[in-house]
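One is the number of the first residue; the rest follow in order along the sequence.
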Amino acid sequence: MNVGYVHTFEVPENNIDKGRLKVSVVNEENVPIKGAAIRLSYTGNPDNIIGESGTDGDGISIFNDLRTPPIEYSMEPGNRQPFSEYDIAVSAPGFDNVNISGSDMFSGELSIQNVKMSARDNSQNNIVIPVNTLYGDYPPKIDEEEIKPMGQSGEIVLDRVVVPEIVVVHDGPPKDTEADNYYVTYKDYIKNVASSEIYSTWPRQTIEANVLAIMSFTLNRVYTEWYRNKFYDFTITSSTAYDQKWVNGRNVFESISQVVDDIFDNYISRPNVKQPILTQYCDGKRVTCPNRLSQWGSKYLGDQNYSSIDILRYYYGQDVYINAAEQISGIPYSWPGTNLDIGSSGQKVRQLQEQLNLIGEYYSSIPVLSTDGIYGEQTAAAVKEFQRIFNLPQSGITDFPTWFTVSEKYVALAGLAEL
C-alpha cells in the first residue's frame with residue numbers, strides 16, 4: 001500500500017465533463033472473475049456510493065458518464081486539478097476484498113482499472129493512487145548521462161536490444177530494503193508510468209513522443225544491466241528522483257494504452273551508439289531540464305502538429321531516430337509482417353485461431369473458431385471481441401498490436417490449460 005499521501009480532489013459538484021471507467025477483474029493466475037461486486041464512490045466521500053455493478057463473463061464492468069473537471073484544465077499547467085478521483089471497492093466470493101483510492105478520471109477518456117484478487121486469507125488489499133506527477137509535488141530527477149559507460153574502451157559487444165518480458169519494480173528509493181518488489185510485464189510497466197506522468201487528453205503525437213522517451217529510458221536500463229550482469233532480471237525503482245513514477249495498482253488510460261501497444265518495441269537511438277539512449281525528461285514548468293524533453297513543451301508542440309519524432313528531435317537533437325528492438329522476450333511466435341484480415345490464409349492464421357480458442361476458454365465472449373487457417377467472418381468477429389476485451393481498436397483485423405497482445409495472453413494462459 002502506498003502511504004504518506006493526502007489526496008486533493010475537485011469538489012464533485014464542480015465536475016461538469018464526463019469520462020468512462022472500465023474495471024477488469026482477474027485472479028492471481030490472470031483468469032477473469034465473473035460476478036465480482038464493484039462499488040464506486042468519490043474519493044474523500046467513500047460512503048456515498050454513486051455506482052454499483054457486477055463483472056460479466058469476461059470479468060469486466062463498465063461505468064459511463066462519470067463526472068470530471070473540464071478538459072481545458074488538462075491543457076495548461078495550473079492549480080486547478082484536471083482529473084476527478086474515484087474509490088473502487090471490489091469483492092468476490094472466495095477472494096480478499098480490494099479497495100482502490102484515487103483512481104483518476106479525465107474528461108472524454110476511458111480509464112482502465114485492472115484489479116487482481118487474491119484467494120481469501122481474511123485480509124484486504126488497499127491501494128492508494130497518488131496524483132499525476134504533473135499535478136503533485138515531486139522531487140526533480142537526478143541528472144544522468146544519456147549514454148552509459150560499459151566498462152570497456154571503445155566497443156560495446158551486446159549484439160541486439162531486447163524488449164524484456166518482465167520488469168522488476170522496486171517500490172521505493174534504491175537503498176530502501178523494506179520496499180516491495182513487483183514483477184510487471186514490460187508493456188504494463190510503460191502504460192503505468194505514462195499514465196502517472198502525462199495527461200491522456202494530450203495530442204496523440206505528444207503521447208507517442210513521451211512514451212518513446214519512457215521506453216528508451218527503460219530499455220537503456222535493461223541494456224546496460226544485461227551488459228554488466230548478462231541477465232534480464234533487472235530492477236528499476238519507482239522513485240521519480242531515480243527512475244520513473246510507477247504506482248502499484250494504478251489505473252491506465254485507453255489513449256495511452258493503445259499508443260504503447262502500437263510502438264512498444266521502439267526506442268530512441270543515436271548514430272553509432274548501440275544502446276538505447278537514456279532519455280530523461282521533466283515537466284518543463286516547475287522543473288526545467290535543458291537538452292531533455294519538457295512534458296508541457298511537448299504538449300504545445302503537439303498542438304502545433306509536430307510529429308512525435310520532430311518533438312523528440314526538438315529536445316534531444318536532430319540526429320536522434322526511432323529504432324526497433326530485434327527481439328521481444330517471452331513471445332515465441334513472430335509477427336507475420338503484414339496484417340491478417342478477411343481473405344488471409346495459411347499457418348499464421350491457423351496459429352491465431354488456435355491461440356484465440358485457448359484464450360476463449362477463459363473469456364467466454366470470444367467465439368470458438370474452426371482452426372482451418374482461413375480468415376473469414378467468424379475469425380474477424382473473434383478478433384474484434386478480443387480487441388474489445390483488451391482495449392485495442394475494434395477493427396477485426398489482426399495488426400501488429402493485436403498479434404502481440406494475443407500472443408501475450410496465450411502465453412499467460414497456456415500453462416493453466418496444461419494443468
Does [X] pair with [Y] as a salt bridge, N-O distance under 4.0 Å?
X: K191; Y: E254; result: no
X: R388; Y: D58; result: yes
X: K141; Y: D243; result: no
X: D372; Y: R350; result: no
X: R250; Y: D104; result: yes
X: D143; Y: R292; result: yes
X: R204; Y: E208; result: yes
X: D17; Y: R67; result: no

Short side-chain to backbone donor-acceptor contact, [X] and [Y], under 3.5 Å:
X: S216; Y: I268; value: yes
X: Q280; Y: I142; value: yes
X: N192; Y: V247; value: yes

Distance only, no hydrogens: is a donor on one side chain within 3.5 Å (strictly under) of an acceptor on the other, for [X] and [Y]?
X: Y375; Y: T398; answer: yes
X: T185; Y: E408; answer: no
X: Q378; Y: S370; answer: no
X: N132; Y: K245; answer: no
X: N391; Y: S257; answer: no
X: S118; Y: D96; answer: no
X: T55; Y: S61; answer: no
X: Y363; Y: E385; answer: no
X: N99; Y: N126; answer: yes
X: Y410; Y: E354; answer: no
X: T379; Y: Q353; answer: yes

Heavy-atom distance under 4.5 Å between the side chains of [X] and [Y], does that happen here?
X: S24; Y: Q113; answer: no
X: S91; Y: Q124; answer: no
X: V90; Y: N97; answer: no
X: V31; Y: V26; answer: no

Begin with the C-alpha distance, continue with both residues' side-chain angles, and end with the deciding distance and a verdict on salt bridge (Lys or Arg N to Asp or Glu O under 4.0 Å) for E144 and R221.
CA-CA 12 Å; E144 299 181 52; R221 288 279 197 258; 2.9 Å; yes
Atom [atom1] of [X] with >12 non-hydrogen neighbours under 6.0 angstrom:
X: Y314; atom1: OH; value: no
X: R313; atom1: CZ; value: yes
X: K22; atom1: NZ; value: yes
X: N48; atom1: CG; value: yes
X: Q347; atom1: CD; value: yes
X: K384; atom1: NZ; value: no

Set out, in order, the CA-CA distance, both residues' side-chain angles and the distance that settles side chain to side chain donor-acceptor pair (under 3.5 Å) for N210 and K299, then state yes or no.
CA-CA 9 Å; N210 280 270; K299 188 268 180 186; over 6 Å; no
Gap between atom [atom2] of [Y] and atom [atom1] of [X] - 0.5 Å precision:
X: S294; Y: Y315; atom1: OG; atom2: OH; result: 4.0 Å
X: N125; Y: N248; atom1: CG; atom2: CG; result: 7.0 Å
X: T402; Y: D261; atom1: OG1; atom2: CG; result: 8.0 Å

With respect to L40, which candidate in V23, L66, I49 satisfies the side-chain contact (heavy atoms from CB on, under 4.5 Å) definition?
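Going through V23, L66, I49 one by one, the side-chain contact (heavy atoms from CB on, under 4.5 Å) with L40 is satisfied by L66 alone.
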is_close_aromatic(F217, Y267), centroid dist under 6.0 Å
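That pair fails the under 6.0 Å test.
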Which residue, Y135, F106, Y73, forms the ring pair (Phe, Tyr, Trp, His ring centres under 6.0 Å) with Y199?
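Result for ring pair (Phe, Tyr, Trp, His ring centres under 6.0 Å) with Y199: F106.
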Kindly assign one of parallel, tilted or perpendicular to the pair [X] and [Y], based on the angle between their ring planes and the thresholds 30° and 60°.
X: F386; Y: F390; answer: tilted
X: W335; Y: W403; answer: perpendicular
X: Y182; Y: W246; answer: tilted

Test side chain to side chain donor-acceptor pair (under 3.5 Å) applied to Y362 and E29, step by step
CA-CA 11 Å; Y362 301 93; E29 296 176 322; over 6 Å; no
Could you go through the ring pair (Phe, Tyr, Trp, His ring centres under 6.0 Å) check for F63 and Y86 one step at a time?
CA-CA 12 Å; F63 294 86; Y86 289 88; 9.1 Å; no
Between [X] and [Y], what is the shortest heavy-atom contact and its length?
X: G19; Y: T68; result: N-CG2, 3.7 Å
X: I359; Y: L413; result: CA-CD1, 4.2 Å
X: S255; Y: S200; result: OG-O, 3.0 Å

So T206 and S298, side chain to side chain donor-acceptor pair (under 3.5 Å) or not? Walk me through it.
CA-CA 6 Å; T206 294; S298 71; 4.9 Å; no
Which is it for D341 and S344 under the side chain to side chain donor-acceptor pair (under 3.5 Å) test, yes or no, and what are the steps along the way?
CA-CA 6 Å; D341 196 0; S344 299; over 6 Å; no
Output all residues satisfying ring pair (Phe, Tyr, Trp, His ring centres under 6.0 Å) with F404, sequence neighbours left out; order by chain, then residue number.
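Result, ring pair (Phe, Tyr, Trp, His ring centres under 6.0 Å) vs F404: F264, F400.
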According to salt bridge (charged side-chain N to carboxylate O under 4.0 Å, His left out), who are the partners of R270, at least two apart in sequence or on a separate chain?
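Salt bridge (charged side-chain N to carboxylate O under 4.0 Å, His left out) check on R270 returns E146, D319.
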